[in-house]
Structures are given as C-alpha cells and as structure tokens.
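Below: the structure, in structure tokens.
Along the sequence shown, residues are numbered consecutively beginning with 1. Since the structure is predicted, the reported quantities are computational estimates derived from the model, not experimental observations.
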Amino acid sequence: MHKNALRDSVLTSALSTSLLGGQSVREVIQKGHYTPLSVCANEDSIHRVKRGDWEALEDVISREFPPGSEGRRLVLYGGAGMGKTTAVEKIIWDWATGIHLQHYALLIRVPVLELLTLEGKAESLQSMLGRMYAHISAETLTLALQRPQCLLLVLDGLEESQKLLCTPSTLICDPHQEATGLALLLSLLEGSLLPEASMLITSREQVKIESLRCFEVVGFSQTQRRTFFQHFFGEQSERRLCQVEQTLGVYEQCFHPAFCWTLCNVFKARFEAKNDPPETLTHLLSIITHTLLEKPKMNAEQTREIVFALGKLANPVYSTSDSRSVLHLHHPGVSDFLLAKGDATFTFLSPIMQEFLLAASFYLDQSVQEISDKHSDLYYTFLAGLSDSIQRKPLEDSVGSFDESRISEFSHWMMGLVSRVLSDRDQAKHFRVFQLLHHARNPSLVKESISKCKWLHVSYTSMQEADCAALSYAVSCVGEMEHMNLYRAELTDEQVQRLMPALRLSKRISLSQSRLSLAAITHLSAALADGQTIALDFSYSRLERESVKTLSHALTSSKLQSINLSRCSLTAADCEAMAEMLSGGSGLRVLDLCGNNLEDQGLVQLSGALENCKLQEINLDHCSLTATSMSALSSALNSDFSELNMLNLSRNAVMDDGMELISQVMRKGRLKILRVFSCGLTDSCCSSLAAAIQSEHCCLTELDLSVNDLGQSGAMQICEALMTPNCTLEILQMERCELTEEVFGALGMVLMSGVSRLISLSVGVNDVGDGGAKHMWQALRHKSCKLHHLDLEMLSLTDACVEELCDSVAASSYLSTLILKNNKMTDSSVPRLVKLMLDHPQMTELNLKYNDFSEDVFELMETCPNIIY
C-alpha cells in the first residue's frame, strides 16, 4: 500500500514552474522522458567540473547506498532548476515500482517544511510520521524504526532551513521522544536520531555537517544533453542540437535542465513558425521576455515599467521599500517570471532570466551612472549582448527603444575593461574579455579597444571551445595578431578548428610543450597553408609520424619562414617528409631540429633537399649524428644553389674527419655561423679549419669550438689564422678547450694586432689563472682591441688581478659585458669592482656569480644594478 501511495504522490507532484511552463513529473517519468543528471564530489568539485570528470547520479546512488550498508547520508546540492527534485521523484518512483534500491524495506519522505512549521510544538518522529502516513500501520512503522538499517529517508528542499541549522538545539536519540521540529531535523542530520538509517537530502547549498557526503548536481553532461534533445525533438534532434551549438553562448548553458527545456521550446516554436533560431544567448532571452510580456496585453510604457521593476528586484541590493518596484510585483505580467512566497518575498523562476533582467534594467534606468564590477559573468554577458541592436530587438519591441547614451556608456566601460585586462597576465580574464567582445558583436568596438591597449600575449593554455571562438572573433576584427602564445596548450581538434581564423592571422604561433592530435594538426596545417604565419614553435611537443607528414605538406605552400621542431621525438623516418617539403617549393628559411634522434640516415635524406632549397639556417644540435653523414652534408652545402649560412652541429660525434669536410664548406664563402660545440674535435682538424678561416672566400663571422680538446697546438693554429687580413670572424667561443697561458698570450696579440675583427670572445673554463688573464687585460687597454663582450668564467682568477682588471676595463672604449663567474675573488675585491661599474656607465653587465663572496658585500653590490652576483 505504501508503494502505491508513493507512486501516486510522484504522479501528482508539482514541479517548480520554469519559463514558458514545464513538464509534469507524470509526463517526464511515464513517457520515458527522464534524462539522468551528472554530479561531482564536493571535495574536489571545482577541478572536476572544469575537466568534465562528472559521474552519473544513478551510479553515485548505487555506490553510496549499496545493499548491506547502513547510516549512509548523501546530500545533493545545486542551484534552482538543476533537476534535484525531479531526480529525487525518479528515485522514489524506481523504489516504489521495484526497479531500484529494493534492499530498503521502507522509503519515507520526511517533510522538511512540516517539521519547521511545528515551531514550538513538541512531537515525536514516530508520531509525526504516523500522522502523515496514516496508510502505514503502527506495527510496520514501529518495526521500521526499530530496524533503521532497512530505512531510507528522503529530505527534499533542505534550503528552507539552512539558516536554522545554526540555531542551538538539544539533540535527541529516541524516535519516541517528543521534540520541536527543528530538534528532530537536526537530530536526523547529525545522526543522533536513527543513526543506522540511510538518508537522501537535497538543498540549493552545501550542507556543512561533517557526517554528510555532499555531491554537487552539475546538470547535463554532453551525452546527457544529446539524450534530452532526442527525447524532445526525436529524429530532428541532431540537426537541432547542431543549431543550438552554433548559437553563441547558448550551448554552454545547456547543462541546466530547466533552461534546456525552455531553450528547446523556443527553438521548436520558431522552427514551426518558420522563423530563424536565436543568434545568441541574449537574443534567446530577448525572445523569451518578449513572448512572456505579450500575454498580459500591455502597452510599451507598461511593459517597460514591469521590466524595470523586475530588474530592480533582480539586483542583490534591492529593497522592498522601493514603492515604484513593489507596485508592479503583484501585476499579472510578472507571474511568468517570479514565484511569490508571501506578500514581500519573491524568487525568480530562472537564475538566467534574473541576470538578463538585471542587465536590461541598466539600459532602462538613467539613474545608474556607472557599471558595477560586482555582478556575475552572466550579467556582463547580457550587458554586452543588449548593446547590439539585433540581439535586443525582440525586447525593444516590447519596451521601446533603448537610450543611445546608455549604449555609449557601455562601450566606454568595455574599452576601459579591455585596456586593463589585456595589459595584465591573467589569462582567465583575457578569455572573459574576448567573450564579452564576442557577445557585443561590434567589430569597430573590438578593433578600437584592442588597438588602443598594450596586449600582453600571455600563454593561452586552458581554453574551452567558447574561448577559442571568442579569441578568433577578436583577432578577426583586429585583422592580425603579432603572437599567438599557446605554450603547453592541450587543444582538441574542435578547439583548433574554432581557432583557425585567429591562427590564419597570427604572424607567430608558439605551441611549445603542447599536445595536439592528428586531427588538430590537420586543422592547424590548413590554417598555415593559407594564413599569414611566418614563425611556428613546436619545441618539446611530441609529434607522431603522420602529424609530421601533414605539417610538412602544408608548409610547402605556406608563408612560413621559421619552424622550431626541437625535441619533438623525430626520427630518421620523419626526415623524408621534411626533405620533400624543403625541395617542394617551401619558403622556409630557418629549421630547428635540435634534440631529435635523426641519426646519419636522417641527415643524408635532408642533405638531398639542402642542395636546392631556400633554407638559410639549420640547427642539428644533439641529433645523434656522426662523421659518416658529413660527406653528404658537405656535398649539399657546396652546391651552387644552397643558401645555408648558419649550421649548428653541436653535441654530435662529428670528429676530426667530419670537421675537415665541413671546413671545405667554409671555403665556399656562404657559411657565416658555425657551431661545433662538443663534437669530439682535437688538434688534428685545426690545420684544415685554420686554412678555411683565412681562405679568400670564407665569410664566417661566428665560430663556436667550445668543449673540444683542441689543446695548445690546435688553438695556436686558430690564432695564426685570426691574424690574417682575410679572417672575418667577429665572435669566437673556445670554452673548455684545454687552452694554456701561451694560447691566451697569442689571443692577446690577435686582439692588439689591428687586423682582428673580434668583438666577442669566450674562453672560460680554461684553468690559466691570473697569469693567463693578464694577456686579456693588456689587450683591453690597447687601442686596436674592439671587444664588446669578454667571457672569462672559471679561470681561477683571484683578488690579485682585480686592480689591473679594473684599470684595463676603464681604459677600453668598447667593452660593455664582462663575465667573471665561478672564479675565486673574495669580499676585498668588491669595493673596487663596484666603483668601476659606477664610474663607467658603458659597462652594462659585470657577472660575478659564484665567486667566494659573503653576504656582507651583497648590499654594496646592490648599489649597482649592472652587477650580477
């Protein structure tokens, strides 16, 4: 009999009315229209909601109330219209019809309002339940209360008593004991009364009682939305869902079950009337408001007053003492917007409509001079949307035209917001501004706002599809983007597709440490193929072979001039596609392949393309190469058609044989920069290298020979070449090359020769001490020395050299940077070095890090900003 009574109560229960009406529980359940909801655990709800890690409510109910459990207390909380009551009615229906939770012998609703209306009256829980459920025999009820582990209590609507939960009250533990309704309620919640009974509670807010497990009702997941549309539109569901997804700002609100029902009704009505669907969320709310205001048959002035009054009520700071607003709250025109609770207490049927009316009231209320920054995101969305004449037209058909001065006030506010936010580094605020500009749909406002501000191109890592669409809209209005920073972005193919307009207009795109699927790479490649991008950074992003092929194919016809593919897990198998791209008409000038395991086979494949392509710079640092592939590389670069002028072979086993082949390339007269850091070189290759440096056609300006065992013999040959008039070197690096004091003497002679063009010299990590450095100090004082940069890191320099060091630096007309890191200078040298820097402003950097300084001299060094310590 009890199950029959519960079934009847479900079928006759009244849902809170939603905008444009709503389905009854009977229709939802009996016609199979119920769509499951999603929830997320309270303890990490924010993180989980953002990542979409939601759980089906049915799964949570099954897990939290398993057979054999007792004393389980579960709270489902969420805002109005999230479907909590409907979900509870479905749970009750399933128990009453034998579908679910049958391990509970009895399911009883505990009427929260009934408990609270007892006020000061005392009654026992058993007495109250017996009075409310007269069809349950006293014997059955007594047995259930004696065996509470078989009892499931349902408390729907606890929000009515949230404030009362803080009221001190004596807890009871006996269901036969009389107490006030509040005491009974608190005793059930705290678990002193029927602690072995299970309990399902709903509330609009989280119930902060330690013994309760709280889950937030987050509405429909993407799959559940699709199910809802299938229930509503049948065979047309996919088409209608696609149209909704294209309506700006609407699909993001479809997690809200009540809103979803209203939305579907509007779309259905407009399709049946052969009208176009709403274009935006604001347009949709304008249509709904116009529809609701048509029913009472009022003139424009009356409807304007109604909307104004509703807007005042929607404001959190509204006071019912405002007679102008209260005058209209009992008017028939507002009944479709509000639920009345007493004479002066009202609640909006829809939180979304509440924010819309609040935004609309700004345009209707001339007394509001400034736009407050204390409202919800939805309010500003509607504020932006209503500034657009198309979106607000249905509302204006009801209330009359908006005042243009209010539209101008919004535009002025929007421009100020753009200027403040885009010059800051908060990416979340950037996204919000782009979305507001998107909703305003005013290209001239977007262009003027962005062009007048300093847009910091922060990394846009965590984007949703709406963010991508909004960013694309903003960039499209401006016409170009200097730098699209997507560092560490994890973008789906749908997100990249939304970003394509912005990607096409971006001059530089950074995707370092990003993760993109093949489908996303395909969209990106299409944007590159017909876009304006000239530089692309994919460094530290793992690229699959098909992705490399897709990307390479697009680059054949793109405007791209530079691409960074360092540490992208490329192998020799990927080089075929890149070689085809280079020889297929690509305009690429710079190719960075550092840190990929290309091996000799890969370089041989690339070399075939290097003979005849436009590439000017290639970075092959740390690519697992050996001397074996240097022959093919040398042959390609000796071609008359090769344009390569920068070659980085650092951290590969080039060895002396390979270096001799590269030296032949230097004689050709095209290579300007060569880096062979840590390539296993010895003095054996220095003869051919020195000959190349001083050859007639060599135009090399930068050479890095660091971390090679050149020794004194090899280095002296290099020094001899530096003394010849044909030598064009300006930057030379020979760090950790086993150089001796004699080599430093030879280098000093080079700098004083009047022939050398060196402006930067790095000879650190060679243990020559003060004696070796003395040659550098002598050279600096010489009028022919043109060094701007000198690196003497880790030479074992001491305080003894500091006086001569300072005199030499002071005498130099050119030196601006001196690196003295990792030496043995102490506190006694600091005053002299500080004075040097303060007296000679042309010195922009003196690096003293990792010397033997104590904290006592830190404050003194702080007085000179150009000292790094």
Side-chain angles (χ1 to χ4, degrees), residues 621-622 625-627 630 647-667 673-695 698 700 702-724 727 729-753 755-756 758 760-779 787 790-797 801 819-824:
D621 180 5
H622 204 217
L625 308 177
T626 71
M630 293 302 112
L647 175 62
N648 189 348
L649 291 170
S650 297
R651 293 186 293 178
N652 290 294
V654 174
M655 313 306 284
D656 293 333
D657 291 344
M659 190 63 227
E660 290 183 4
L661 291 168
I662 299 303
S663 295
Q664 294 175 14
V665 177
M666 293 165 57
R667 293 171 176 271
I673 300 173
L674 176 62
R675 299 192 178 106
V676 282
F677 173 102
S678 187
C679 284
L681 309 183
T682 70
D683 60 346
S684 298
C685 70
C686 288
S687 175
S688 59
L689 177 58
I693 289 174
Q694 59 188 312
S695 63
C698 178
L700 201 70
E702 181 177 343
L703 176 62
D704 187 356
L705 294 168
S706 298
V707 196
N708 288 292
D709 190 10
L710 303 183
Q712 179 169 311
S713 171
M716 292 298 279
Q717 293 181 70
I718 302 297
C719 290
E720 290 176 11
L722 293 173
M723 293 284 281
T724 62
C727 181
L729 272 181
E730 297 177 358
I731 300 173
L732 176 62
Q733 293 167 273
M734 291 198 298
E735 298 175 17
R736 215 183 86 183
C737 285
E738 304 299 326
L739 306 185
T740 63
E741 186 173 336
E742 287 75 8
V743 174
F744 270 68
L747 286 170
M749 295 298 294
V750 169
L751 294 172
M752 295 185 291
S753 67
V755 176
S756 170
L758 285 177
S760 177
L761 177 64
S762 300
V763 286
V765 202
N766 290 290
D767 192 11
V768 295
D770 293 338
K774 185 178 184 68
H775 300 290
M776 295 296 103
W777 312 143
Q778 291 173 352
L787 279 186
L790 178 60
D791 187 343
L792 301 177
E793 177 181 2
M794 204 179 289
L795 297 190
S796 298
L797 303 182
C801 75
I819 310 299
L820 298 174
K821 293 191 299 182
N822 286 300
N823 280 292
K824 299 179 179 179

If we only count heavy atoms from C-beta on, is the [X] to [Y] side-chain gap below 4.5 Å?
X      : Y      : result
Leu747 : His775 : no
Ile673 : Leu647 : no
Leu729 : Leu700 : yes
Gln717 : Leu710 : no
Leu761 : Met734 : no
Glu738 : Asp709 : yes
Phe677 : Asp621 : no
Leu689 : Leu705 : yes

Under-4.0 Å salt bridge between Arg675 and Glu702: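 Answer for the salt bridge query: yes.
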Work out which heavy atom in [X] is nearest to a heavy atom in [Y]; give both atom names and the distance.
X      : Y      : result
Cys727 : Leu722 : SG-CD2, 3.7 Å
Cys679 : Ser650 : SG-CA, 3.9 Å
Met776 : Gly748 : CE-N, 3.8 Å
Val755 : Met723 : CG1-O, 3.5 Å
Asp767 : Ser796 : OD1-OG, 2.8 Å
Leu797 : Ala773 : CD2-CB, 3.5 Å

Mind checking the [atom1]-[atom2] spacing from [X] to [Y]? Nearest 0.5 Å is all I need.
X      : Y      : atom1 : atom2 : value
Met716 : Ile718 : CE    : CD1   : 11.5 Å
Met749 : Ser756 : CE    : OG    : 12.0 Å
Ser687 : Glu720 : OG    : CD    : 10.0 Å
Cys685 : Asn708 : SG    : CG    : 7.5 Å
Arg667 : Ile693 : CZ    : CD1   : 10.5 Å
Glu660 : Cys686 : CD    : SG    : 10.0 Å

Side chain of [X], backbone of [Y]: donor and acceptor closer than 3.5 Å?
X      : Y      : value
Asn822 : Met794 : no
Ser760 : Ile731 : no
Asp791 : Glu793 : yes
Asn652 : Thr626 : no
Asn648 : Leu674 : no
Asp683 : Ser713 : no
Asp704 : Val676 : no

Neighbour count above 12 (heavy atom, 6.0 Å) for Met752 CE: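 Atom CE in Met752 is crowded, with more than 12 foreign heavy atoms closer than 6.0 Å.
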Arg651 atom CZ: more than 12 heavy-atom contacts under 6.0 Å: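 Above 12, so yes.
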Leu790 and Ile819: CA distance, side-chain angles, deciding distance, side-chain contact (heavy atoms from CB on, under 4.5 Å) verdict: CA-CA 6 Å; Leu790 178 60; Ile819 310 299; over 6 Å; no
Evaluation steps, side-chain contact (heavy atoms from CB on, under 4.5 Å), between Met630 and Asp657: CA-CA 9 Å; Met630 293 302 112; Asp657 291 344; over 6 Å; no
Asp656 versus Thr682, side-chain donor and acceptor atoms under 3.5 Å: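 A pair is found: one side chain offers a donor N or O, the other an acceptor, under 3.5 Å apart.
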Test item: side-chain donor near acceptor, Ser706 and Gln733, under 3.5 Å: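 No, Gln733 and Ser706 have no side-chain donor paired with an acceptor closer than 3.5 Å.
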